[in-house]
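Predicted, not measured: the structure shown is a model, and the values here were computed from it.
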Amino acid sequence: MDFLEALDGRIRILERVGSWEEAVRISGELLAADGLVTPSYVEHMVRTCQELGPYIAIAPGVAIPHARPEDGANGLGLSLVVIREGVRFGSHNDPVRVLIAFATPDRSAHIDLLRQLAELLARADALAEAAMRLGTPEQWKEWVRSLIQNPP
């Protein structure tokens, strides 16, 4: 499964959110709406970050919320949430403007997706800049498609 197939249109663009917890929940709710995760998975995404700190903010302006498969993942998928004003996680990578949440039903189904995600994260600056420029889910899909098709 490639990145865009796993994303399957789960893209939300917001001006602002009240907190990083809200941002993480929104990214998880997009997965839950399609049955890829249970509501408890979404809460585990938040709880994991509360307990372990802002490790999910893995690149400047980008966070990858997730939980363990056994926390309620039913399928393999991604969501993308853009927060134009950014949100603070308490990380040196703040403010986060792009959240790419993922769910995987086991410990290996997502390996190919992580490789593609790593290729996107190699251009974290471009992701953060795109958050300020791209205004529709369709524009995001096309932009991500062009990044995947033209690796660095």
Query raised in the report: Using 4.0 Å as the upper bound for N to carboxylate O, is an ion pair formed by Arg25 and Glu22?
Result: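 No, Glu22 and Arg25 are not salt-bridged.
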
Report task. Check the pair Leu127, Leu121 against side chain to side chain contact (heavy atoms under 4.5 Å, CB included), reporting the backbone distance first and the verdict last. Result -> CA-CA 8 Å; Leu127 279 169; Leu121 291 175; 4.1 Å; yes

I'd like to check [X] versus [Y] (side-chain heavy atoms, cut-off strictly below 4.5 Å). Are they in contact?
X      : Y      : result
Leu78  : Arg10  : no
Trp140 : Arg12  : no
Leu76  : Thr104 : yes
Trp20  : Asp94  : no
Gln139 : Arg133 : no
Asn93  : Val62  : no

Requested in this report: Using the side chain to side chain contact (heavy atoms under 4.5 Å, CB included) rule, take Val82 and Leu134 through it: C-alpha gap first, then chi angles, then the decisive distance, then the call.
Outcome: CA-CA 9 Å; Val82 177; Leu134 302 175; over 6 Å; no

Restricting to non-hydrogen atoms, name the atom on [X] and the atom on [Y] that form the minimum distance, rounded to 0.1 Å.
X     : Y      : value
Ala23 : Val17  : CB-CG2, 4.0 Å
Ser79 : Ser27  : OG-O, 2.8 Å
Leu80 : Leu30  : O-CD1, 4.2 Å
Pro60 : Asp125 : CB-OD1, 4.4 Å

Query raised in the report: So how far is it from Leu14 CG to Ile26 CD1, rounded to the nearest 0.5 Å?
Result: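 If we round to the nearest 0.5 Å, Leu14:CG and Ile26:CD1 are 5.0 Å apart.
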
Query raised in the report: Hey, what's the ring geometry for His66 with Tyr55, parallel, tilted or perpendicular (30° and 60° as the breaks)?
Result: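 Because their plane-to-plane angle is over 60°, the rings of His66 and Tyr55 count as perpendicular.
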
Query raised in the report: Testing Leu99, Val98, Ile13 for side chain to side chain contact (heavy atoms under 4.5 Å, CB included) with Ile83, which one passes?
Result: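 The residue from Leu99, Val98, Ile13 that satisfies side chain to side chain contact (heavy atoms under 4.5 Å, CB included) with Ile83 turns out to be Leu99.
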
